[in-house]
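Worksheet for the structure shown next.
Since the model is a prediction, treat every value here as computed from it, not as a measurement.
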Amino acid sequence: MQQIEREIEDLITSVGAETFIKYYKIYQAQKHLKDNSSIRIAFKENNESWSPSTINTKASGGKRIFEKGYEQDVLFRIINNSVKLSQDVIDKAKEYLVLSIETEVIMSLPIDIETEKIRLIKLRIQQSLFRKTVARHWEKCAVTNCENWSILIASHIKPWKDSSNLEKLDPFNGILLSPIYDKLFDKYLISFEDNGNILISDELTNNDLNALNVRKTDKLNFNKLDRRHLEYLIHHRNIFYSRNKI
């Protein structure tokens, strides 16, 4: 497993995240061909000023990602390790990842399956993808450090119904929480400041907090709190303040 992880990281480094996303469909279309001339032509048409050795590396490396079936892993890494990448690259990676998983699942379905069932399957795929990317980022409950993924919930910070298609899939629109914290967060009975400190509604009495084992000193894991979470946290806090008349 570690060898595969290293190979994936080496391929990402050699090709470059931006290049992989930019030529994603070309790499995908050429993955069964031995010759890389079509990929090189695409590079030339886009005036890529690389040395011959770099061109060869990027052409063969990008195609190899598809040959080895690593494209989903690479897209996951681009989405989750994207501090230095533009938002356009990140958004495109999300789009390609959803499309890749949808295609993989739908191709395995019976031909006569109804359209509504396909729509529901796509919805479940999106929700599953969101949970995976949020869980990969936080690794454990963002407040309690509980590590049992089977009970943890990937909570949307900005609700699903209010989010754009990209926001619905954005891992930075999510916090991994244990069930009690998820329910309180969903009901706007708690929220979090930009530094991770918890905000608690006056509706929760001290008896409630003791019974739920919620502490006024609770906070999000600051090491996992990213600047890209902050816009969503502002949205959640505004609703929290409004509902709690703060």
Please identify each residue that fulfils side chain to side chain donor-acceptor pair (under 3.5 Å) with Glu147, with sequence neighbours left out.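 Partners of Glu147 by the side chain to side chain donor-acceptor pair (under 3.5 Å) criterion, ordered by chain and then number, come out as Lys140.
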Would you please name every residue forming a side chain to side chain donor-acceptor pair (under 3.5 Å) with Asn56, sequence neighbours left out?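 By the side chain to side chain donor-acceptor pair (under 3.5 Å) rule, Asn56 matches Arg40.
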Is the shortest heavy-atom distance from the side chain of Phe240 to the side chain of Leu199 under 4.5 Å?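 Yes - at least one pair of side-chain heavy atoms lies under 4.5 Å apart.
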Looking at side-chain heavy atoms only, is the closest gap between Phe43 and Thr54 below 4.5 Å? no
Side-chain donor or acceptor of Lys68 paired with backbone N/O of Ile4 under 3.5 Å: no
Within the 3.5 Å criterion, strictly below it, is a donor on [X] or [Y] matched to an acceptor on the partner's side chain?
{"X": "Asp208", "Y": "Thr205", "value": "yes"}
{"X": "Glu7", "Y": "Tyr70", "value": "yes"}
{"X": "Ser201", "Y": "Asn244", "value": "yes"}

Same apolar cluster: [X] and [Y], side chain cutoff 4.5 Å:
{"X": "Leu230", "Y": "Leu177", "answer": "yes"}
{"X": "Tyr181", "Y": "Ile153", "answer": "no"}
{"X": "Leu189", "Y": "Leu212", "answer": "yes"}
{"X": "Ile175", "Y": "Trp149", "answer": "yes"}
{"X": "Ile90", "Y": "Leu99", "answer": "no"}

Does Phe130 have its ring centroid less than 6.0 Å away from the ring centroid of His156? yes
Run the ring-centre check on Phe66 versus Phe20 and record whether the distance is less than 6.0 Å.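 Between Phe20 and Phe66, which both carry aromatic rings, the centre distance is below 6.0 Å.
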Are [X] and [Y] ion-paired here, with the side-chain N under 4.0 Å from a carboxylate O?
{"X": "Arg6", "Y": "Glu9", "result": "no"}
{"X": "Glu48", "Y": "Lys22", "result": "yes"}
{"X": "Glu231", "Y": "Lys158", "result": "no"}
{"X": "Lys183", "Y": "Asp186", "result": "no"}

Is the number of heavy atoms from other residues, nucleotides or ligands within 6.0 Å of NZ (Lys132) greater than 12? no
Using the rule given for side-chain hydrogen bond (donor to acceptor under 3.5 Å, both in side chains), can you reason through Asn36 versus Ser60, listing the C-alpha separation, both sets of side-chain angles and the distance that settles it, and then say yes or no? CA-CA 7 Å; Asn36 292 335; Ser60 60; 4.9 Å; no
Between Tyr96 and the options Val74, Ile101, Leu75, the side-chain contact (heavy atoms from CB on, under 4.5 Å) test singles out Leu75
Dump the intermediate steps for side-chain contact (heavy atoms from CB on, under 4.5 Å) on Phe185 and Ile157, then the final yes or no. CA-CA 8 Å; Phe185 189 72; Ile157 303 173; 4.0 Å; yes
